[in-house]
Amino acid sequence: MTGIRINFGRCGRPCSSLVTRHLSLSTISNVAKKNPKTPPTRGSIFVISAPSGAGKSTLVKRVMAATAGLSFSVSYTTRAPRTGEKHGRDYFFVSPKTFEGMVRRDEFVEWADVHGHFYGTAHKQLQAAQDAGRDILLDIDVQGHKQVLQQLPEAVSVFILPPSFEELSRRLRNRRSNTPEDIERRLQTAREEIAHWSEYEYLVVNDHLKDATQALRTIIRSARFRRPSQAGRVEKIIDKFGG
Ligand code: ADP
Ligand code: 5GP
């Protein structure tokens, strides 16, 4: 993790008044009462972070495939696509100039410089999921998590850990999609990233893939029963009780 190095003018720090306002709990329940088309349950926002190579993409793919009602937040990035990656599915691959324009126009909930490239989550991704009453999963780094937490404190955060440092470096080498220099850089970054584990609500050690997948699915399922998620639906029931 290299920190944010360039200054994009007045948006050096992302601002998300639109989403914060749009997602506020009282607003949601008021809107739900007035507008019958508002989804009865409110989708949750899941932020998943991990040191590179811990198996986060593998886990997220498995969970996405197995979980109905869950959208994936496709980020914007200035890095080049890897073999097999598709624009619009894995990332929106954009030039630094396009990214900079989006920062200037406040189009990101959060953005950061990770491993020397820019990555950002667009407001419209969260808004689309919320309008549809769907949960949304953000696969973002520790810097992005910090920014999301400040603006959307109800977001559910999960940190994925490898079972050991040795296993992490073995997984990075086996992936073969990174150069030796890049692997070294990612391992160095991992040391910094892992220090943020205590900022997350849930921790999942990705030792056995099947167990870790189950753990992540359990977290997502149980969040659907949290009060903020159910409030709109329950208020409709309570209304009929009168009093
Ligand atoms: P990340 O998205 O965190 O950078 P990946 O999902 O690309 O990591 O996983 C890194 C490598 O580790 C991949 O080759 C993947 O197949 C492998 N991997 C992921 N989870 C496990 C696991 N539980 N046990 C062994 N190998 C794993
Ligand atoms: P990769 O290049 O391996 O796909 O991703 C590198 C890192 O960038 C991962 O830790 C991933 O979670 C993070 N990342 C991906 N999208 C975003 C984003 O929109 N914002 C932030 N802050 N990090 C992101």
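Hydrogens, waters and symmetry mates are skipped; everything else that's a heavy atom, side chains included, is used. Atoms within a ligand are numbered from 1 in the order they appear, just like the ligands themselves.
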Got the closest protein heavy atom to [atom], with its distance?
atom: atom 3 (O) of ligand 1; result: K56 N, 2.8 Å
atom: atom 10 (C) of ligand 1; result: G53 O, 3.6 Å
atom: atom 20 (N) of ligand 1; result: N206 ND2, 3.0 Å
atom: atom 7 (O) of ligand 1; result: R175 NH1, 2.9 Å
atom: atom 6 (O) of ligand 1; result: T58 OG1, 2.5 Å
atom: atom 8 (O) of ligand 1; result: G55 N, 3.2 Å
atom: atom 5 (O) of ligand 2; result: Y91 OH, 3.4 Å
atom: atom 16 (N) of ligand 2; result: S75 OG, 3.1 Å

Identify whether the distance between the nearest side-chain nitrogen and carboxylate oxygen of [X] and [Y] falls below 4.0 Å.
X: R170; Y: E167; value: yes
X: D182; Y: R185; value: yes
X: E100; Y: R104; value: yes

Which atoms of ligand 2 sit under 4.0 Å from any heavy atom of [X]?
X: A112; value: 22 (N)
X: G144; value: 22 (N)
X: V114; value: 7 (C), 8 (O)
X: R79; value: 1 (P), 2 (O), 4 (O)
X: K56; value: 9 (C), 10 (O), 11 (C), 12 (O)
X: R186; value: 3 (O)

Proximal atoms of ligand 1 relative to [X] (non-hydrogen, under 4.0 Å):
X: S52; result: 4 (O)
X: D207; result: 22 (C), 23 (N), 24 (N)
X: S57; result: 1 (P), 2 (O), 6 (O)

One residue to check: [X]. Relative to ligand 2, which of side chain, backbone, both or neither has a non-hydrogen atom less than 4.0 Å away?
X: W111; answer: neither
X: H117; answer: neither
X: K146; answer: neither

Quick one: look at L59 and ligand 1, take heavy-atom pairs under 4.0 Å, and tell me if it's side chain, backbone, both or neither.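 Within the 4.0 Å criterion, L59 makes no contact with ligand 1.
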
Please classify the A50 to ligand 1 contact at 4.0 Å (heavy-atom distances, strictly less than): side chain, backbone, both or neither.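 The answer is neither.
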
Please check: side-chain N/O of S229 versus main-chain N/O of S44, any donor-acceptor pairing under 3.5 Å?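 No: the side chain of S229 does not pair with the backbone of S44.
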
Counting heavy atoms only, which of R171, H208, K61 is nearest atom 24 (N) of ligand 1?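 The residue whose heavy atom sits nearest atom 24 (N) of ligand 1 is R171.
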
Is there a nitrogen or oxygen of S52 sitting under 3.5 Å from a nitrogen or oxygen of ligand 2?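 S52 vs ligand 2: no N/O contact under 3.5 Å.
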
Could an N or O of ligand 2 be found under 3.5 Å from any N or O of D141, whether backbone or side chain?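 Among all N and O atoms of D141, at least one is under 3.5 Å from an N or O of ligand 2.
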
